[in-house]
Amino acid sequence: MNDRAAALAFDLRLPPDEFYEDPFPTYHALRRWDPVHRGPDGSYFLTRYDDVVAVYRDHHHFSSDKRVEFAPRFGDS
C-alpha cells in the first residue's frame, strides 16, 4: 500500500503493527496526504501543530467536555 492509501485508510483504533514500532512514517504520510484525518468512527485525528493549536484555543467550536458526548448514552452519572 502506498503512503497516500495508507494515510487515507488509517484507523487509530486498529493501527498496523509497524505503527507501534515507529509511528513517525505514519504521521508523515498523514501530514502530507490527510492532515485532518476523519476516522471511521467520525472522530478526527490532527497531525499538524497549527491545526492542533487552533482547535485547542477555540473553545466556542470545540470542547473536551466528555459529558457532552457521554450524557446522551450513559446519563448524568
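Being a predicted model, the structure only gives us computed values, none of them experimental.
The two residues Asp51 and Leu46 come nearest to each other via the heavy atoms O-CD1, 3.9 Å. Nearest heavy atom pair, residue Ala29 against residue Ala7, reads O-CB, 3.7 Å.
Of the inter-residue distances, the one linking Thr26 atom OG1 with Phe45 atom CZ reads 9.0 Å to the nearest 0.5 angstrom.
Placement of Leu30 and Leu12 within a single hydrophobic cluster is found when ILVMFWY residues are connected by side-chain heavy-atom separations under 4.5 Å, directly or transitively. Val55 and Val36 fall within the same hydrophobic cluster, where Ile, Leu, Val, Met, Phe, Trp and Tyr residues are linked whenever their side-chain heavy atoms come under 4.5 Å apart, directly or through other members. When the side chains of ILVMFWY residues are joined at heavy-atom separations under 4.5 Å, either directly or via intervening members, Tyr20 and Leu14 end up in two distinct hydrophobic clusters.
Proximity of Asp3 to Arg32: side-chain heavy atoms (C-beta onward) are nowhere separated by under 4.5 Å. Inter-residue side-chain proximity for Phe10 and Tyr27 is flagged as unmet; no heavy-atom pair is nearer than 4.5 Å. Within the 4.5 Å cutoff, no side-chain heavy atoms of Phe19 are placed close to those of Pro25.
Within a 6.0 Å sphere centred on CZ of Arg13, other residues, nucleotides and ligands contribute more than 12 heavy atoms. Heavy-atom neighbours of Phe62 CZ from other residues, nucleotides or ligands within 6.0 Å: above the threshold of 12.
Checked by atom type and distance alone, the side chain of Arg31 never pairs as donor or acceptor with a backbone atom of Pro35 at under 3.5 Å.
The pair Asp50-Arg48 does not count as a salt bridge, with every side-chain nitrogen at least 4.0 angstrom from each carboxylate oxygen.
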